[in-house]
Number of protein chains: 2
Amino acid sequence: MTIEDVALAAGVHVATVSRALREGGMVAPATREKVQAAARRLGYRPNVAAATLRTRRSSLVGVIVTDLGNPFFGPILKGLETELRKSGWMSLVVQPPEDAAGRRDVVLALADRQVGGLIIGAAEIDDPLLDTADGLQLPVVLVNRGYGERRFPSIVTDDRESMRLALDHLLALGHRHIAHIAGPRSSSTGRARAEAFGDLCRQQGIGDAIIVETPAFTRAAGNEAALSVLDVAAPPTAVVAGNDMLALGVLDAAGHCGLSVPGDLSLVGHNDMPLVDLIDPPLTTIRVPVEQLSRQAARLLIEQMHNADEAVMMRVMMPSLVVRASTGPARR
Amino acid sequence: MTIEDVALAAGVHVATVSRALREGGMVAPATREKVQAAARRLGYRPNVAAATLRTRRSSLVGVIVTDLGNPFFGPILKGLETELRKSGWMSLVVQPPEDAAGRRDVVLALADRQVGGLIIGAAEIDDPLLDTADGLQLPVVLVNRGYGERRFPSIVTDDRESMRLALDHLLALGHRHIAHIAGPRSSSTGRARAEAFGDLCRQQGIGDAIIVETPAFTRAAGNEAALSVLDVAAPPTAVVAGNDMLALGVLDAAGHCGLSVPGDLSLVGHNDMPLVDLIDPPLTTIRVPVEQLSRQAARLLIEQMHNADEAVMMRVMMPSLVVRASTGPARR
DNA sequence: TTGTACGCGTTATCAC
DNA sequence: GTGATAACGCGTACAA
């Protein structure tokens, strides 16, 4: 069942069928109708591979996400897929390997499929992923990760504002000994939040603020890092975690050290991922507007793909503080 | 940069290049090496669209999942993608619409992309998705959903065993008034668990077991259904939920009714999705081996795609009980 | 073992 | 506004 069959059935030439079935084709309304009727009657489906071969374009978008197991990414993926498909794009989802060569290959493999662009929710700073995409001239949008030199369009939340919200909240509760369990410096969010936290502490005259970097945004890493901070004579009275997964690890560590939350230790997470409102204690955290984040990202990519020479831009979304029960007044 | 350029550079014919670069091609080792060297030197990347057009095969697999926002699906997607790509397949991820036409179209769109097969983690009973895939002769594997007539290969957990584990646990704790907040009967798991629960209760001589069906596996639906059961004079002392999301809703309802868990009400979930070990109280639940479930599904699909006339088979995985703190002895 | 030749289904560029 | 025709890049019988 090819375009030729339709042409035959409609009594026109294949070229006319092609035009009639596509948006911009210049065809007489009557002809178009005739063709569409024939196509429908025959159950004709255009051969996507042939069209891709001819046009060098496919209706595919590469979605590169680390750690699909992380509850934070589910909603992001959901928003992305929904919004992309609304515009006719399908999502090729890939988790990149750790090694540089593997990351390069992932982008190449995606490019081989003629993806129109890439949404990357996994970029590290100086990521081979980005260099490769850049070399291929592939439109890219970063979600929730900026890039060191801001070379790529991205949707991010304001990390400085996040830390300000967290810190103000803790200061208002009387805390003065505050630690930050930071995500890896190789990720823009890990780095930006750590730097903002440091700056703000200095501004507030908190000299002894501790910042510990973790190797990954995981519960295990959070636990380990938190132990090094909490398992001492005079532990801090509050901790700001780089994200919610790290916060869960901090919770583990607090339990291990016999510290009650929020009695002995106040804890602020980041992201407000699903279910953190139900854990014990319900987590005070910084909410990022996930739904809008992912929809904006999809839209931005679509714009970039549509208009190749769109200016590089960053859209910054504002986080907000959600106070639950993991924070309380300082005892000391 | 086409296959012809490589042929020129290697001093052989394009056909030879094609053979040399693919697995089964019969080429002299020396020639192959020469060709590979030339290809590498030129940075040649085969045109996937052309190959797809020619062979009518792509290295794409359709992954149809409802509700990417549900924390249960993240890990499943993760295992699926990992395993599929290990065998050279990329995942086209799609969330199906609710309406029949939309579900049909999703499968057609996937088929248009020449996907080798479909992994469906969203099938309803008598789902248009399945009929369409069936009509297209597309290899299909169902994850965590069986099909009414068992026409499709699937990976499932043993729902009867799940319910047996849950019920035995509650009976051992002395409960006799037990309700089941069931998932929709339109889903195989919802139906199977409800039926098993009913059967087992009868076997145990529990005549007054209540089963309430929900319209969806969501927290809100669980809450609503649970309210109808708990907000009465003599509520049951234990509830088995159709899955963890429903269980969270039950928890909400219990709070609303002033029932403490597990003091006044014992609660068993299903799936052991991420973070339910941290909620208050930590949820007793039925663990499904997600990692293996998804990997098995991917492997099964790969087998089906490889060997078209593989017998339809179902692989059943055994669930296990994870006792945490949401269940306790019956007071009455 | 290698080369020849054709076709896969579409779209784009021309004439008309 | 429509028809003819030439690519697009590759895989594969078949012949050599």
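The model shown is predicted, which means the values in this text are computed figures rather than measured ones. Lettering of chains follows the sequences in order, A, B, ..., and the numbering in each one begins at 1.
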Whole angstroms only, please: what is the [atom1]-[atom2] distance between [X] and [N]?
X: E4(B); N: dA7(D); atom1: CD; atom2: C1'; value: 13 Å
X: R45(A); N: dT10(C); atom1: CZ; atom2: C1'; value: 16 Å
X: R54(A); N: dT11(C); atom1: CZ; atom2: C1'; value: 5 Å
X: I3(A); N: dG3(D); atom1: CD1; atom2: C1'; value: 13 Å
X: H13(B); N: dT2(C); atom1: NE2; atom2: C1'; value: 9 Å
X: R113(A); N: dC10(D); atom1: CZ; atom2: P; value: 14 Å
X: M26(B); N: dT12(D); atom1: CE; atom2: C1'; value: 12 Å
X: M1(A); N: dG9(C); atom1: CE; atom2: P; value: 11 Å

Nearest-nucleotide pick for [X], side chain only, options being [options]:
X: A28(B); options: dT1(C), dG3(D), dG9(D); result: dT1(C)
X: V27(A); options: dG9(C), dT12(D), dT2(D); result: dT2(D)
X: T2(B); options: dC10(D), dT5(D), dT2(D); result: dC10(D)
X: L53(A); options: dC10(D), dG3(C), dC8(D); result: dC8(D)
X: R22(B); options: dT11(C), dC10(D), dT12(D); result: dT12(D)
X: Y44(B); options: dT11(C), dC10(D), dT2(C); result: dC10(D)
X: A50(A); options: dG9(D), dT10(C), dG1(D); result: dT10(C)
X: T31(B); options: dT12(D), dT1(C), dG1(D); result: dT1(C)

Original post:
Do N70(B) and P274(A) come within less than 4.5 Å of each other through their side chains, counting heavy atoms only?
Top reply: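 Heavy-atom side-chain distance check fails, nothing below 4.5 Å.
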
So, does [X] use its side chain to make a donor-acceptor pair with the main chain of [Y] at under 3.5 Å?
X: R22(A); Y: S18(A); value: yes
X: T31(B); Y: V27(B); value: no
X: D5(A); Y: T2(A); value: yes

Original post:
Is the phosphate of dT10(C), meaning OP1 or OP2, less than 4.0 Å from a side-chain N or O of S18(A)?
Top reply: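 Negative; the distance criterion is not met.
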
Subject >> Side-chain N or O of T16(A) closer than 4.0 Å to phosphate OP1/OP2 of dG1(D) >> reply: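 No, no such contact exists.
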
Subject >> Spacing of R104(B) atom CZ and D127(B) atom CG [to the nearest 0.5 Å] >> reply: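 Separation between the atoms: 12.5 Å.
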
**OP:** Go through the N and O atoms of the side chain of R19(B) and the base of dG3(C), and report whether any donor-acceptor pair is under 3.5 Å.
**Re:**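 Present.
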
Original post:
Has the side chain of R56(A) got a donor or acceptor that lies under 3.5 Å from a partner of the other kind on the base of dG9(D)?
Top reply: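 For R56(A), whose side chain was compared with the base of dG9(D), there is no donor-acceptor pair (under 3.5 Å).
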
**OP:** Indicate, with a heavy-atom threshold strictly under 4.0 Å, whether A51(B) touches base, sugar-phosphate, or nothing.
**Re:**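 Sugar-phosphate contact only - A51(B) comes under 4.0 Å of backbone atoms but never of a base.
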
Original post:
Hey, does V14(B) reach any base, or is it just sugar-phosphate, or nothing, if we go heavy atoms under 4.0 Å?
Top reply: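 No contact.
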
**OP:** May I ask you to check whether E124(B) and S187(B) show a side-chain donor-acceptor distance below 3.5 Å?
**Re:**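 No, because no side-chain N or O of E124(B) sits under 3.5 Å from a partner of the opposite role on S187(B).
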
Subject >> Relative orientation of the end axes in the helix from dT1(C)-dA16(D) to dC16(C)-dG1(D), expressed as an angle to the nearest 10° (five pairs per end) >> reply: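 Angle reported: 30°, given to the nearest ten degrees.
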
Subject >> Shortest non-hydrogen contact from R185(B) toward I125(B) >> reply: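 In terms of heavy atoms, the two residues are closest at O-CD1, 3.8 Å.
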
Original post:
Is it the case that more than 12 heavy atoms not belonging to E4(B) sit under 6.0 Å from its CD atom?
Top reply: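 It does not: E4(B) CD has 12 such atoms or fewer within range.
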
